[in-house]
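In what follows, a single structure is set out as structure tokens and then discussed.
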Number of protein chains: 2
Amino acid sequence: MPGSIQSLERAAAVLRLLAGGERRLGLSDVASSLGLAKGTAHGILRTLQQEGFVEQEPVSGKYQLGAELLRLGNSYLDVHELRARALVWTDDLARSSGEAAYLGVLHQHGVLIVHHVFRPDDGRQVLEVGAMQPLHSTALGKVLSAFDPVAHNEVAEGELAALTDRTVTGTAEFESVLDLTRSRGWGSDLEETWVGVASVAAPVYDRRRMPVGAVGVTGAVERVCDPDGIQSRLVAAVRDCARAVSRDLGAGRF
Amino acid sequence: MPGSIQSLERAAAVLRLLAGGERRLGLSDVASSLGLAKGTAHGILRTLQQEGFVEQEPVSGKYQLGAELLRLGNSYLDVHELRARALVWTDDLARSSGEAAYLGVLHQHGVLIVHHVFRPDDGRQVLEVGAMQPLHSTALGKVLSAFDPVAHNEVAEGELAALTDRTVTGTAEFESVLDLTRSRGWGSDLEETWVGVASVAAPVYDRRRMPVGAVGVTGAVERVCDPDGIQSRLVAAVRDCARAVSRDLGAGRF
DNA sequence: GATGAAGGTCGACAATGCCGACCATCACCC
DNA sequence: GGGTGATGGTCGGCATTGTCGACCTTCATC
């Protein structure tokens with residue numbers, strides 16, 4: 001791909017570095033991590049700071065991400081059509097299922113949560129919008145991997161890290177899980193990502209019948225499962241919700 | 001300020017344009033809006049797209065903000081110390097007051113909401129983290145304008161737009177409101193931003209006793225007010241919360 | 001099939017941003 | 001106290017880099 005703007009690529013790398021690594025990094029850390037001259041790194045950081053993408057702690061001189069990113073990320077949500085259509089349906093899903101509802105899309109090598117409805121019985125819950133989940137172990141991720149070829153590529157290239165002792169880590173076994181997901185039309189996660197937590201998800205299609213995301217519910221395994229696995233009432237609720245959102249996006253009836 | 005990187009400034013302008021204006025913009029729109037040659041705008045957009053900051057609708061070729069911004073914005077929240085300290089206290093504030101609690105910081109010409117706890121009685125509520133509020137009409141904004149000199153500058157330079165017929169729009173009158181805010185140590189908004197909505201807020205200080213943000217509650221005027229104005233139990237709850245967060249940040253006792 | 005406006009490409013030119021040597025400041029410690 | 005080795009930050013010469021505007025292709029309209 002010709003003609004990428006070098007300074008922009010580097011600035012993006014700086015932002016990712018600040019997002020991923022330690023909370024705060026000094027100029028020299030940034031420069032050496034990215035293999036840049038100090039002067040170069042400083043110019044990039046100064047400009048990013050001026051634009052609000054990066055903030056500098058006055059006392060220590062360390063750099064961290066800036067508030068403008070939060071504002072822009074929020075604007076992204078405003079524009080997101082899938083999310084807009086799903087708002088009301090995921091609300092219903094959380095209410096009828098009694099569990100937390102999630103809407104996720106493929107982003108890079110994982111699932112990006114773009115909407116999250118708290119479990120109706122309140123209690124302290126952390127909002128996970130903007131967070132990433134693995135493709136190979138969560139219900140949302142498996143659904144995307146099964147139905148979206150791009151996601152399938154991503155998961156095939158990465159490795160299947162064992163997050164709990166129930167995580168599927170063998171390539172062949174994982175493919176058969178995807179086959180099952182495709183054939184029954186929904187995916188599940190039985191303590192494969194977090195111990196004690198299970199989830200169900202189903203795909204959402206756009207007007208061209210392409211998979212564009214997944215909706216699902218997540219909750220404590222004691223509530224979500226019965227002896228045979230995921231409770232069928234939850235499976236039905238999730239699939240209904242996915243169908244409703246797809247219809248709203250113009251995918252027509254199934 | 002010497003040596004800002006031109007291409008980065010332009011890329012930031014592109015992102016802001018996409019965030020602020022219409023939902024989706026074409027290449028020519030972007031180029032003409034920013035006074036750039038089409039080729040230049042295309043190079044910037046291509047790189048931003050590659051990095052995930054911008055997405056292109058395949059069918060129409062229009063550009064919109066990308067998912068990476070959401071992810072980075074979320075990372076910003078993770079790093080944000082003030083927010084981390086305030087999480088538990090704002091939770092308590094929402095529970096004890098029965099209203100939605102907010103934590104805001106100064107960003108550019110407004111208040112950026114960095115945390116939002118839903119009103120305990122559920123019901124459909126939209127999360128406002130990442131949204132901006134005006135400095136001159138909201139309780140959070142008035143508190144920041146009163147206690148933070150930088151915010152005061154910002155509000156003095158902008159104009160005091162009338163958002164409802166109770167908004168204070170005169171400079172002298174607004175200054176006396178700020179004086180009142182400073183002298184009593186908290187700010188209020190009685191239907192000055194949204195009709196039927198009132199709010200209270202108090203300042204949060206860091207370990208050097210500098211104001212770094214504001215916490216407050218917002219709700220329907222019928223619930224929040226009594227005949228004399230804001231209910232004093234809410235004022236006390238908000239101020240307690242602000243003191244607690246400040247103490248957590250190391251500001252010491254008052 | 002002409003027309004206009006869309007997104008996108010290309011190559012020449014020089015403005016631009018990069019590099020590395022250099023400064024200023026601070027903390028630590030002999 | 002003055003080395004010493006960090007740190008963040010500055011500056012100017014050089015050539016890499018990004019910019020510009022003409023040009024191409026596609027699509028919708030007339």
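Letters A, B, ... are given to chains in the order of the sequence lines, protein chains preceding strands, and every chain is numbered from 1. Keep in mind the model is a prediction, meaning the values are calculated, not measured.
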Are side-chain heavy atoms of Val245(B) and Leu103(B) found at a separation under 4.5 Å?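 No, too far: nothing below the 4.5 Å cut-off.
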
Could you check whether any side-chain heavy atom of His136(A) comes within less than 4.5 Å of a side-chain heavy atom of Glu159(A), counting everything from C-beta outward? no

Salt bridge between Arg207(A) and Glu81(A), side-chain N to carboxylate O under 4.0 Å?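 A salt bridge is present here (some side-chain N lies under 4.0 Å from a carboxylate O).
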
Could you tell me how far dT16(C) sits from dA12(C) if I compare only their C1' atoms? Round to whole Å.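 Rounded to whole Å, the distance is 16 Å.
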
Closest non-hydrogen contact found for Lys62(A) with Gly26(A) is CD-N, 3.8 Å

Identify all pairs in which a protein N or O lies below 3.5 Å from an N or O of nucleotides 15-20 of chain D, and state each distance.
from, atom 1, to, atom 2, distance (Å)
dT17(D), OP1, Gln6(A), NE2, 3.0
dG18(D), OP1, Gln6(A), N, 2.6
dG18(D), OP1, Ser7(A), N, 2.9
dG18(D), OP2, Gln6(A), N, 3.2
dT19(D), O5', Arg10(B), NH1, 3.3
dC20(D), OP2, Thr40(B), OG1, 2.6

Indicate whether the side chain of [X] and that of [Y] have a donor and an acceptor atom separated by less than 3.5 Å.
X: His116(B); Y: Glu128(B); value: no
X: Thr193(B); Y: Gln133(B); value: no
X: Gln108(B); Y: Glu154(B); value: no
X: Glu175(B); Y: His152(B); value: yes

Think Tyr63(B) has a side-chain N or O under 4.0 angstrom from the OP1 or OP2 of dG8(C)?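 So the side chain of Tyr63(B) is within the cut-off, an N or O lying under 4.0 Å from OP1 or OP2 of dG8(C).
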
Establish, with yes or no, whether the OP1 or OP2 oxygen of dG9(D) is under 4.0 angstrom from a side-chain nitrogen or oxygen of His42(A). yes

Categorize Gln56(B) for me: base, sugar-phosphate, or nothing, with a 4.0 angstrom heavy-atom threshold over every strand shown.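 Result for Gln56(B) = sugar-phosphate.
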
Integer-rounded Å distance: [N] [atom2] and [X] [atom1]:
X: Glu57(B); N: dA6(C); atom1: CD; atom2: P; result: 17 Å
X: Leu25(B); N: dG7(C); atom1: CG; atom2: C1'; result: 14 Å
X: Leu27(B); N: dT26(D); atom1: CG; atom2: P; result: 17 Å
X: Glu55(B); N: dG7(C); atom1: CD; atom2: P; result: 18 Å

Closest-nucleotide mapping onto DNA chain D: is Lys38(B) or Gly61(A) further toward the 5' terminus? I mean the 5' end. Gly61(A)

Can you pull out how bent the helix from dG1(C)-dC30(D) to dA14(C)-dT17(D) is, comparing the axes over its first five and last five pairs, to 10°?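 For the helix from dG1(C)-dC30(D) to dA14(C)-dT17(D), the axes at opposite ends meet at about 0°.
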
When you measure from the side chain of Ser32(A) to the backbone of Asp29(A), do you find a donor-acceptor pair of N or O atoms at a distance under 3.5 Å? yes

Which of these nucleotides, dT10(D), dG8(C), dG8(D), is closest to any side-chain atom of Arg46(A)? dT10(D)

